[in-house]
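Keep in mind that the numbers below use all heavy atoms, side chains included, and drop hydrogens, waters and symmetry copies. Nothing here was measured: the structure is a model prediction, and the numbers come from that model. In listed order, ligands and their atoms are each counted from 1.
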Amino acid sequence: MAQTQKRTQVAIIGGGPSGLLLSQLLNLAGVDTVILERTSRAHVLARIRAGVLESGTVDMLHAAGVADRLLAEGHSHAGCVFTDDDLMVRIDFAELTGKSVTVYGQTEVTQDLYAAQDALGTPILHEVADLVIHEPTSSAPYLTYTHDGQTARLDCDYVAGCDGFHGVSRQTIPVDRRTEFERVYPFGWLGILSRTRPAHDELIYANSASGFALASMRNANLSRYYVQVPLTDRVEDWSDEAFWDRLRACLPRDIRAALQTGPSIEKSIAPLRSFVCEPMRWGRLFLVGDAAHIVPPTGAKGLNLAVSDVFYLHQALISALKSGDTSGIDRYSDRALARIWQAMRFSWQLTNMLHRFDGEDSFAAQMRKASLMHLSQSETARRELAENYVGLPF
Ligand code: FAS
Ligand code: PHB
């Protein structure tokens, strides 16, 4: 049981990938942290989310000393496939960018980070409630919270808000001092996990008359699939059989023929939105990951953007705490947002290119087909997509 700390250098709110990776990198540099997480560790680890890691993310996990299992169990992918009914267009990342991506579930990344943080003895408090950030614009911010029925206070030099879209950090920035940009999409992704052989050896992003589908995987015997559903749908509206029927309708003929189906071991609906909060700093409070931005999962950017935020912030905090150089923390928000907006554009563009919108006319459907045909005919178009998919430089 983590002792109730009174003081630390960096207080981290949120024990998801952002908070854990930031804490691990800071600890390795000799900076003390405490992580305060609202839910239980089991709850965090039960969440099935991202599946694709950019090469920059893999590098960061190496730097954090948590890449052993990733190296052993992750799968390098040199390309992926976009389809329009039976048209299949392969995007050859290796040929077009010289890079690849790694398929390794966010759940595994989070598990590896928890193990590393436990090995360092970092205080991680779970099931923390009523957390409030006090005096973030002063030189002595502090948190109050309840844990194990006790009210506690944590004094710190800096606060990292790694508490996701529904956390308290973003709300701590006065509403008249933050600007929020948002696009809520009129559909969601119904995702399932099944112990089946993946439909293909690479990811398939499918546009079809039946809507969007994504065929992904976790390993050779664990498939991850998504189909586009109306926002009004509930998970209980979808039997496994109905899901497989919809997926088959979206996939190209050759892939459909070889599809192995089986019982779902997880089934959930994720809403899709694009969201950015500016700035990502308020005094000594810094927003990281989903606390500051949300992308539709179409471009596999959510987790990867959280990692680039951590890249910028960990460097900045180490400089500020070790040498008193605050130029990094002064530049953090602008530096992170520059990369965030590029990923935001890419994810928005792919989402519009691949999803059917309620009430759209036949022209819109033709534009989607023309975009995919252009992708099949233009190496330039494929290179532009590949450069964004494998991840722009940090
Ligand atoms: P997270 O939301 O992962 O973690 C925030 C943590 O803060 C949580 O553990 C939460 O319990 C905690 N917290 C919240 N409020 C708190 C408080 N007041 N006090 C203390 N703790 C608090 N990305 C992809 O790239 N591909 C995908 O397929 C994909 N699918 C997704 C599906 C869903 C349903 C969701 C919600 C997201 C998905 N994402 C996907 C995005 C996701 O992977 C995020 O980008 C990633 O989890 C970001 O990590 P964090 O910033 O750590 O936020
Ligand atoms: C996943 O495997 O969960 C996944 C992969 C790519 C995406 C979104 C989700 O774009």
Side-chain angles (χ1 to χ4, degrees), residues 11-23 35-54 57 75 77 80 101-107 109-110 113-114 124-133 143 145-147 159-172 188-193 198 202-205 212-219 222-226 266 268-273 275 287-310 343 346-347 350-351 354 389 391:
I12 296 176
I13 307 171
S18 295
L20 291 164
L21 180 57
L22 177 63
S23 181
I35 298 176
L36 301 107
E37 163 58 43
R38 180 171 61 183
T39 64
S40 68
R41 185 174 292 199
H43 182 90
V44 175
L45 291 172
R47 291 192 298 234
I48 307 293
R49 287 189 174 169
V52 171
L53 306 182
E54 296 173 358
T57 295
H75 297 269
H77 282 217
C80 71
V101 296
T102 301
V103 170
Y104 187 72
Q106 174 175 324
T107 310
V109 171
T110 310
L113 284 165
Y114 267 123
I124 304 177
L125 279 64
H126 282 280
E127 293 174 309
V128 162
D130 311 318
L131 190 147
V132 177
I133 302 167
L143 309 182
Y145 59 93
T146 55
H147 185 245
V159 182
C162 303
D163 47 350
F165 186 67
H166 301 291
V168 294
S169 300
R170 187 174 69 251
Q171 308 304 330
T172 301
W189 281 17
L190 167 63
I192 73 160
L193 207 54
E202 293 181 327
L203 271 67
I204 297 177
Y205 291 82
F212 169 81
L214 169 60
S216 183
M217 75 278 293
R218 293 292 178 268
N219 59 50
L222 193 59
S223 300
R224 180 69 168 161
Y225 294 113
Y226 300 92
E266 192 272 348
S268 55
I269 293 181
L272 270 63
R273 79 174 71 235
F275 175 88
L287 304 186
V288 185
D290 278 19
H293 45 77
I294 297 285
V295 281
T298 325
K301 291 295 160 226
L303 176 58
N304 294 296
L305 268 186
V307 171
S308 52
D309 292 351
V310 169
F346 175 67
S347 304
L350 274 194
T351 301
L354 293 168
Y389 194 92

Can you confirm whether R273 sits close enough to F165 that some side-chain heavy atom of one is under 4.5 Å from a side-chain heavy atom of the other? yes
Partner set under side-chain hydrogen bond (donor to acceptor under 3.5 Å, both in side chains) for D290, not counting sequence neighbours: none
Name each N or O atom in ligand 1 that is under 3.5 Å from a protein N or O, and give the partner atom and the distance.
from: ligand 1; atom 1: 2 (O); to: R49; atom 2: NH1; distance (Å): 3.1
from: ligand 1; atom 1: 3 (O); to: R49; atom 2: NH1; distance (Å): 2.7
from: ligand 1; atom 1: 9 (O); to: E37; atom 2: OE1; distance (Å): 2.8
from: ligand 1; atom 1: 9 (O); to: E37; atom 2: OE2; distance (Å): 3.2
from: ligand 1; atom 1: 9 (O); to: R47; atom 2: NH1; distance (Å): 3.4
from: ligand 1; atom 1: 9 (O); to: R47; atom 2: NH2; distance (Å): 2.7
from: ligand 1; atom 1: 11 (O); to: E37; atom 2: OE2; distance (Å): 2.6
from: ligand 1; atom 1: 21 (N); to: R38; atom 2: N; distance (Å): 3.0
from: ligand 1; atom 1: 25 (O); to: G302; atom 2: N; distance (Å): 3.2
from: ligand 1; atom 1: 25 (O); to: L303; atom 2: N; distance (Å): 3.4
from: ligand 1; atom 1: 43 (O); to: Q106; atom 2: OE1; distance (Å): 2.4
from: ligand 1; atom 1: 45 (O); to: D290; atom 2: OD1; distance (Å): 2.9
from: ligand 1; atom 1: 45 (O); to: G302; atom 2: O; distance (Å): 3.3
from: ligand 1; atom 1: 45 (O); to: L303; atom 2: N; distance (Å): 3.2
from: ligand 1; atom 1: 47 (O); to: R49; atom 2: NH1; distance (Å): 3.0
from: ligand 1; atom 1: 47 (O); to: Q106; atom 2: NE2; distance (Å): 3.0
from: ligand 1; atom 1: 51 (O); to: S18; atom 2: OG; distance (Å): 2.6
from: ligand 1; atom 1: 51 (O); to: D290; atom 2: N; distance (Å): 3.0
from: ligand 1; atom 1: 52 (O); to: P17; atom 2: N; distance (Å): 3.3
from: ligand 1; atom 1: 52 (O); to: S18; atom 2: N; distance (Å): 2.9
from: ligand 1; atom 1: 52 (O); to: S18; atom 2: OG; distance (Å): 3.2

Would you say T57 and V101 make side-chain contact, with heavy atoms under 4.5 Å? no
Taking the side chain as everything from C-beta on, heavy atoms only, tell me whether R224 gets closer than 4.5 Å to E266. yes
Compute whether any side-chain donor of one residue and acceptor of the other, for Y205 and Y389, lie under 3.5 angstrom apart. yes
Test side-chain hydrogen bond (donor to acceptor under 3.5 Å, both in side chains) applied to R47 - qualifying residues, sequence neighbours left out: none
Distance-only, no hydrogens or angles: does the D309 side chain make a donor-acceptor pair with backbone N or O of G289 under 3.5 Å? yes
Centroid separation under 6.0 Å, is that true for the rings of Y114 and H126? yes
Return yes if some donor-acceptor pair links the side-chain N/O of N304 with the main-chain N/O of L53 below 3.5 Å, else return no. no
For ligand 2, what are the residues with a heavy-atom contact below 4.0 Å? R49, G51, V52, W189, L203, Y205, L214, S216, R218, R224, Y226, P297, T298, A300
